[in-house]
Structures are given as C-alpha cells and as structure tokens.
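In what follows, chains are A, B, ... by sequence order, proteins preceding strands, each numbered from 1. Values below: every heavy atom of this structure, side chains too, minus hydrogens, waters and symmetry copies.
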Amino acid sequence: MRPASDLTWTDVTPEHLFLNRRSFIAGAAALVAGSAGAAGFSTDEAPNSFDEITNYNNFYEFGFGKTDPARFAKGLTTDPWSVEIDGLVDRPGSYSVADLAPDNAVEERIYRLRCVEAWSMVIPWLGVPLASVLEKVGVQPGAKFVEFETLLRPEEMPAQRRRSMQWPYREGLRLDEAMHPLTILATGLYGQALPNQNGAPIRLVVPWKYGFKSIKSIVRITLTDTQPVSTWQAMQPGEYGFYANVNPRVDHPRWSQATERRIGAGLLGGRQDTLMFNGYGEQVASLYAGMDLARDY
Amino acid sequence: MQLRRLPTGVVWALGALPLAVLVWDVFAGGLGVDPVRDIEHRLGRTAVYFLVASLCVTPLLRLARINLMKFRRPLGLLSASYAALHLLAWAVLDMGLRWEQALKDIARRPYLTIGMAALVILLILAATSSNAAIRRLGARRWGAIHRLVYLAAPLALFHWLLAHKIWPGKPLLILGAVAILLGLRLAWARARRFASNT
Ligand code: HEM
C-alpha cells in the first residue's frame with residue numbers, strides 16, 4: 001500500500017545529490033557510523049516518503065494549510081543565515097549553520113514525529129545533537145532553560161503580515177531536555193539539505209514531544225534561568241503547556257491523544273495507539289520522575 | 001425567471017457532482033498526502049455549502065423575486081447526505097472504526113458534540129421532508145420542526161470554526177452570511193407580528 005515508504009535516503013534523485021553533495025556525503029558517513037553507533041537512536045520503522053514529508057507541513061509563517069508551506073516557502077532566503085546565541089553562555093555571538101552543524105559532525109536520525117493534531121510520520125533527519133552545540137558555546141552554571149526563536153521576515157513569510165499569531169514563533173526546553181542525546185538540531189532530511197518548508201536551514205527536533213515544540217528556521221538560541229513561554233502556550237494556555245510531551249493519557253481539549261493516524265497508511269490504514277513519550281520513554285521518562293504530567297502537560 | 005421550469009433532477013445531478021469529483025480524485029490520486037483528511041473535510045464543507053444554499057431560497061424569492069422554491073428540498077437533502085457521508089468518512093477512515101474512542105470523542109470534544117447536534121437536526125429534517133410527512137404532521141407542526149434548520153446552520157459553522165487551532169477566514173465569512181440570512185427571517189417575523197397586532 002505504501003511503495004514510497006520503501007525509499008531510503010539513497011533513492012533521492014541524482015540532481016538533489018549533485019546539488020547537495022556535501023550534505024549527501026555527510027549523510028553517507030552518518031549512515032555508516034549510524035549502523036554501528038547511533039543505531040539506538042533511530043527507529044527501524046519505514047520512513048515516510050520524501051513527498052509526504054515535504055508536502056504535509058505545519059509551518060504557520062507560510063499559511064495555515066498543510067500544503068501552504070510547500071507552496072509559499074520557496075522564496076525564503078536561507079543563505080546567508082546566522083543564529084544568534086546569547087544569554088548565559090561563555091561564547092555568545094553570531095554563528096553560521098556550518099559552525100553549529102559542520103558536515104563531518106552531521107548524523108542521520110530516523111525519528112517518529114507525532115503532531116498534536118493526532119497524526120504522525122517517520123522522518124530520516126540529518127543533524128547534530130543540540131548538546132554538541134551547547135557545549136561549543138559553553139553553558140554557564142546559572143542556565144536552566146533554552147529559548148528558541150524563529151526568523152521574523154514578513155517579506156518572505158506571508159502569514160507574518162497578518163496578526164493571526166504572535167510572531168516571531170518561540171519555543172523552549174528545560175536544559176536537561178536540551179542536553180538529552182535524542183534532541184538534535186536538524187539541517188537535512190533524506191540525505192539532502194533541509195527543504196524550506198521543513199524549517200531550513202536549521203531546526204530543532206525533539207522526538208518525544210508534540211511537533212510544535214520542534215521549532216523551525218531558528219535565528220536565536222538563548223540560555224536563561226527563567227522558564228520561557230512558548231508561542232502556543234501564550235496564545236492558548238489551556239490547550240498547550242510548556243512541556244508538551246507526547247502523552248496518550250492527557251487529551252488535548254480538541255483531540256484525543258490516545259491514538260494517531262500514520263500519514264501514508266492509506267485510506268483504510270486506521271489508527272494506531274499513541275505511545276507514552278512517543279515511544280521514547282525508555283530514554284526520557286527519567287527526566288520527568290516525580291512530575292505530575294497531567295498538570296505539567 | 002424561468003429557472004423554476006428546470007426539473008429538480010438538475011439539482012440532484014449538480015449536487016452529485018462534488019461527490020463524483022471526490023471519487024475521481026480518490027482514484028486518480030488527486031488528494032495529496034493525506035487523502036483521509038481531504039475526503040472528510042471536503043464532504044463537511046460541501047454539506048455546509050448546500051445548507052447555506054437552502055437558506056438562500058426564501059430571501060431570493062422575497063428580495064429578488066427569483067423563485068427556486070422547488071429546489072429547497074433537494075438542497076436540504078443534499079446537505080444532509082453530505083453531512084452523513086462526512087460522519088461516515090470520519091468513523092471509517094479517520095477513526096478506523098474505533099467505536100469506543102469515537103463515541104467518547106463525540107461526548108467530550110465540544111466541536112464534535114456541536115457537529116453531532118447539527119447532524120441530528122439535518123437527519124430529522126431529511127426524515128420528515130416528504131409530502132407524506134408534511135400531511136402526517138400538519139403544516140404548523142412541520143413548519144415548527146423545520147425551523148430547526150436555523151439552528152443547524154450556525155451549529156455546523158461553529159463546528160467548523162472550532163475544529164481549527166486558529167480562527168480560519170472562510171467559515172467566519174460564511175458565518176457572517178448565515179447571520180444575515182437568519183437576521184432577515186427575524187426581521188420578517190417581527191414585521192409579521194407587527195402587522196397582525198395593528
Ligand atoms: C457527528 C457528527 C460530526 C462529526 C463526528 C464530525 C467530525 C469532523 C471532524 C473530525 C472534522 C475535522 C477536524 C480536524 O481536521 O481537525 C470535521 C470538520 C468539518 N466538519 Fe464535521 N463532523 C460532524 C458533523 C458535521 C456536520 C453536520 C457538518 C455540516 C453540515 C460538518 C461540517 C464540517 C466542516 C465544514 C468541517 C471543516 C472542513 C475543513 O476544515 O475544510 N460536520 N468534522
């Protein structure tokens with residue numbers, strides 16, 4: 001039923017490989033390394049097709065429809081790009097994507113992605129652990145949280161010209177969540193540079209949290225001692241919490257979170273049970289020991 | 001206006017068109033990455049369009065002297081049919097026949113409870129739409145029951161609005177149109193009462 005899902009990143013068209021040779025080589029290196037080292041991080045579930053991953057996106061800066069990002073993100077300038085890293089760090093400053101995720105450090109991570117709207121995908125990301133970036137800039141002892149900010153550029157992000165949300169989009173993690181080895185800054189998928197609609201040139205991926213936590217097209221990373229307020233949390237605090245861990249037992253007022261629909265499963269694919277922490281409980285449950293996750297949703 | 005010379009079959013044929021296009025798209029692969037959602041949403045939207053169209057019939061007659069009265073019943077029945085297909089798509093394709101979760105969701109999620117209320121009204125109206133039903137109920141009672149459509153339309157639109165994370169533009173516009181269409185009825189009803197009081 002899903003021939004496309006049998007694709008691996010090596011099936012990407014030659015033009016793409018040619019255009020993105022550098023990240024392709026990095027991806028190849030990562031796969032070799034991955035089969036030995038990072039295997040514990042990647043799922044062996046079949047990834048969604050490149051077509052599915054790049055034509056079904058929530059990236060509200062480009063419109064609220066699932067196909068708007070693919071349509072309207074083409075004009076986004078992602079080169080040059082710099083990420084401001086500030087707050088409680090030893091080496092604040094403006095970093096390029098290559099500074100943060102050099103080709104030789106990029107590895108492949110095949111992660112499940114669970115959207116708060118109760119659908120899911122499997123995506124072969126390329127990226128670096130966020131911890132490696134934070135170590136590079138030197139986290140100061142007082143830092144407890146990491147705040148992220150998306151690009152604000154209404155000329156290239158059409159929905160930012162409307163006031164439907166508070167721009168720029170913001171997200172945050174607790175420092176231990178940010179340092180967790182599963183948390184990555186992604187710069188590519190399927191062996192090539194990240195398509196614009198997926199958050200080019202650099203985005204966060206936190207696979208045990210609902211997709212909206214994985215902020216796209218990042219321009220600022222701030223280390224702070226106070227808990228950040230994320231964009232959705234500020235807009236609808238009753239619906240979106242700071243943690244937003246995937247949790248089948250805590251429903252969103254509008255969606256049951258007990259089950260999910262896997263994109264690409266076909267017309268009669270039905271639903272599957274949603275797993276606690278999106279199936280990453282073994283790795284991350286200890287971060288939340290003693291917390292009431294129904295209250296801290 | 002010669003429109004009313006058209007047989008009602010024309011409306012049925014036109015009304016089946018969105019379904020035909022949908023079926024075509026399912027098989028021709030025109031639905032994109034998540035066909036389940038597309039099918040469900042398109043059926044829901046089509047139900048709303050026919051519902052709003054049925055509410056336009058009387059104002060068109062009174063304000064523009066365009067008589068489409070005989071098409072009102074098929075328009076309403078089309079709306080009810082698309083709404084029923086929308087529910088079917090949800091239960092079978094979206095919920096994957098997980099009845100327990102489906103029933104709980106209808107009870108717990110306000111937008112689904114509201115959608116269910118709208119659907120129940122549409123189905124009651126459909127079930128009592130025949131000439132025989134009008135005779136059986138008597139014109140007065142039948143009219144009272146069928147005024148429930150004034151409730152069904154805003155319910156369907158609130159359902160649409162609440163299904164989204166952000167206020168979407170299109171249903172807000174349609175809700176505005178429905179407010180005007182219902183406002184006209186109110187104004188006429190008051191004028192009638194005023195006329196009969198004097
Ligand atoms: C038991 C009854 C109903 C159920 C269970 C139901 C279920 C749903 C669901 C699950 C969605 C999608 C929400 C999402 O994507 O997050 C939806 C959307 C929608 N429904 Fe219903 N619905 C019901 C009744 C109705 C009725 C009676 C109408 C119209 C007369 C209607 C019109 C719509 C429309 C227009 C949308 C939005 C489509 C879009 O966003 O393009 N629904 N409904």
* Where is the tightest heavy-atom contact between B:Asp105 and A:Ser256, given as atom of each residue plus distance? -> OD1-CB, 3.3 Å
* **Atom of B:Leu93, atom of A:Leu267 and distance for their closest heavy-atom approach** => CD2-O, 3.3 Å
* How far does CH2 of A:Trp255 sit from OH of B:Tyr111, to the nearest 0.5 angstrom? -> 7.5 Å
* Most chain B-contacting option - heavy-atom pairs closer than 4.5 Å, from A:Trp119, A:Tyr60, A:Trp232, A:Tyr56 -> A:Tyr56
* To do: Measure distances from A:Asn58 to the heavy atoms of chain B and classify the residue's part below 4.5 Å as side chain, backbone, both or neither.
  => side chain
* Do any N or O atoms from the side chain of A:Arg254 and from the backbone of B:Ala163 form a donor-acceptor pair under 3.5 angstrom? -> no
* Asked: Once you round to the nearest 0.5 Å, how far does CD of B:Gln101 lie from OG1 of A:Thr259?
  -> 3.5 Å
* Asked: With a cut-off of 6.0 Å (strictly less than), are more than 12 heavy atoms of other residues, nucleotides or ligands near CD of B:Glu100?
  -> no
* Quick one: does B:Arg98's side chain have a donor or acceptor within less than 3.5 Å of a partner on A:Gly270's backbone? -> no
* To do: Please say whether more than 12 non-hydrogen atoms of neighbouring residues, nucleotides or ligands are located less than 6.0 Å from CZ in B:Arg72.
  => no
* Asked: So what's closer than 4.5 Å to chain A heavy atoms on B:Leu162: side chain, backbone, both or neither?
  -> backbone
* Which one of A:Lys66, A:Arg262, A:Arg261 satisfies the salt bridge (charged side-chain N to carboxylate O under 4.0 Å, His left out) criterion with B:Asp34? -> A:Arg261
* Give a yes or no answer on whether the side chain of A:Arg271 reaches the backbone of B:Asp94 with a donor-acceptor pair at less than 3.5 Å. => yes
* Asked: Quick one: do A:Glu239 and B:Lys165 make a salt bridge, cutoff under 4.0 Å?
  -> no
* Sort A:Phe212 into side chain, backbone, both or neither according to what part of it lies under 4.5 angstrom from a heavy atom of chain B. => neither
* Asked: Taking all non-hydrogen atoms of both residues, which atom of B:Pro110 and which atom of A:Pro253 are closest, and how far apart?
  -> CD-O, 4.1 Å
* Using a cut-off of 6.0 Å, state whether more than 12 heavy atoms not belonging to B:Phe158 lie near its atom CZ. => no
* **Crowding at CZ, A:Arg161 (>12 non-hydrogen neighbours, <6.0 Å)** => yes
